Undergrad: 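The following block contains the structure, expressed as C-alpha cells.
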Amino acid sequence: MRTKIVAGNWKMNKNLDEAMELAVELQEHQSDFPSDVQVIIAPPAIYLANLEMIDEPCYQLSAQNCSHHDYGAFTGEISPAQLRHMGIKYCILGHSERRQYFHETDELIASKVDACLRNEISPIFCCGEMLEERKANTHFVTVLHQLEKALFHLDKKDMSKVIVAYEPVWAIGTGVTASSNEAQEMHAFIRETLRNHFGVEVAEQVKILYGGSVNAGNSAELFSNPDVDGGLVGGASLKARDFISIIKSAAMPSQIED
Ligand code: PEP
C-alpha cells in the first residue's frame, strides 16, 4: 500500500517573514496531520536554509528547480550538489511554468533528473497536457512522450526514487480541476506505462501525485482514487488553513476520525 504525499509548491511567493509565519503555523498544527501522510514544502530557494532551521519540522523540503550541472560558472543557477549538501531531499522538475516560461525541453529536464539522482535527490517530475491537447484527445500521447523522454533512460533503482506529478496545464492556477475520473484515468495510464517499461514492482512503488487547482473542497475526492497518491498543490498551499485541510484529506480512511 502506497502512503500519500501532499506537497506544497509556493512558487515565487511570500517574503521571508511571511514564509516563516506559514511554516510556523504548519508546525503549530502538526498534531492534526495524519501520521500516514508525508508533507513536502517547496519554498523559494532563498528560504530553504531558513525553513531548514525549524526544529523537528513537520515537513520535508523540496527545491522548485535546479541546474543539470553540479558546480561551475553558471551564474544564478541552483546546484543539485549544493542542495544535497544542505540536506534537501526533493526537487520539482519539468513544471509546466518552467517548460513554458523558461523553455525547458524534455532533454534538459532529463539531464536535470539525472543530476538530481546522482546527488541523491528525488525528482518530483511534472508532466501534463495543454488544453488543446486534451481537446484533441492527444493527452495520453503527450504524457507518454514526456515520460519517455525524461525517465525511460533510468534503471529500475533510480526510477523507484522518482515521484511523478500529473499536472494538466489547463488546471494549473486556473481554478479548473480535472474531474476525479479524468485524474484517475491518467494516473492509471501513467502507472501502466511505468509497468510496461520498468516492471510491476517499480510501477506499484512510484507515487503519482495530482496537481492542478487542488483545494480543500476537492482534494478528498481526488485523493480517494486508487492511483492518485496525493497532490502537488500550488495556490492552496500558501494558506495554512487550506493546506492543512488538504493534508488531512489525504489520510487513509481508517485514520479519519468521526
Ligand atoms: C502547481 O503549480 O504545481 C499547481 C498545481 O498550482 P495550483 O494548485 O495553484 O493549480
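All ligand and atom numbering here is 1-based and tracks the order in the structure. None of the values given here were measured: they were computed from a predicted structure. Note that the numbering runs from 1 along the sequence shown for the chain.
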Undergrad: For Lys156, enumerate each residue passing the salt bridge (Lys or Arg N to Asp or Glu O under 4.0 Å) test, keeping only those at least two apart in sequence or located in another chain.
TA: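 Result, salt bridge (Lys or Arg N to Asp or Glu O under 4.0 Å) vs Lys156: none returned.
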Undergrad: Any non-hydrogen side-chain atom of Cys127 less than 4.5 Å from a side-chain atom of Val164?
TA: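 Yes. Closest side-chain heavy atoms under 4.5 Å.
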Undergrad: Hey, can you tell me if Phe74 and His69 have their rings parallel, tilted or perpendicular (30° and 60° cut-offs)?
TA: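 The rings of Phe74 and His69 lie parallel, inter-plane angle below 30°.
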Undergrad: Around ligand 1, what residues show up once you keep those with a heavy atom under 4.0 Å from it?
TA: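 Answer by chain and number: Asn9, Lys11, His95, Glu167, Ala171, Ile172, Gly173, Gly211, Gly212, Ser213, Leu232, Val233, Gly234, Gly235.
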Undergrad: Sequence neighbours left out, what passes side chain to side chain contact (heavy atoms under 4.5 Å, CB included) with Asp114? Give chain and number order.
TA: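 Asp114: side chain to side chain contact (heavy atoms under 4.5 Å, CB included) contacts with Arg118, His153, Leu154.
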Undergrad: Hey, what's the ring geometry for Phe152 with His197, parallel, tilted or perpendicular (30° and 60° as the breaks)?
TA: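 Phe152 and His197: parallel rings.
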Undergrad: Can you list every pair that meets side chain to side chain donor-acceptor pair (under 3.5 Å) and has a residue in residues 81-96, with sequence neighbours left out?
TA: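 For residues 81-96: Gln38-Tyr90, Arg84-Glu120, His95-Glu167.
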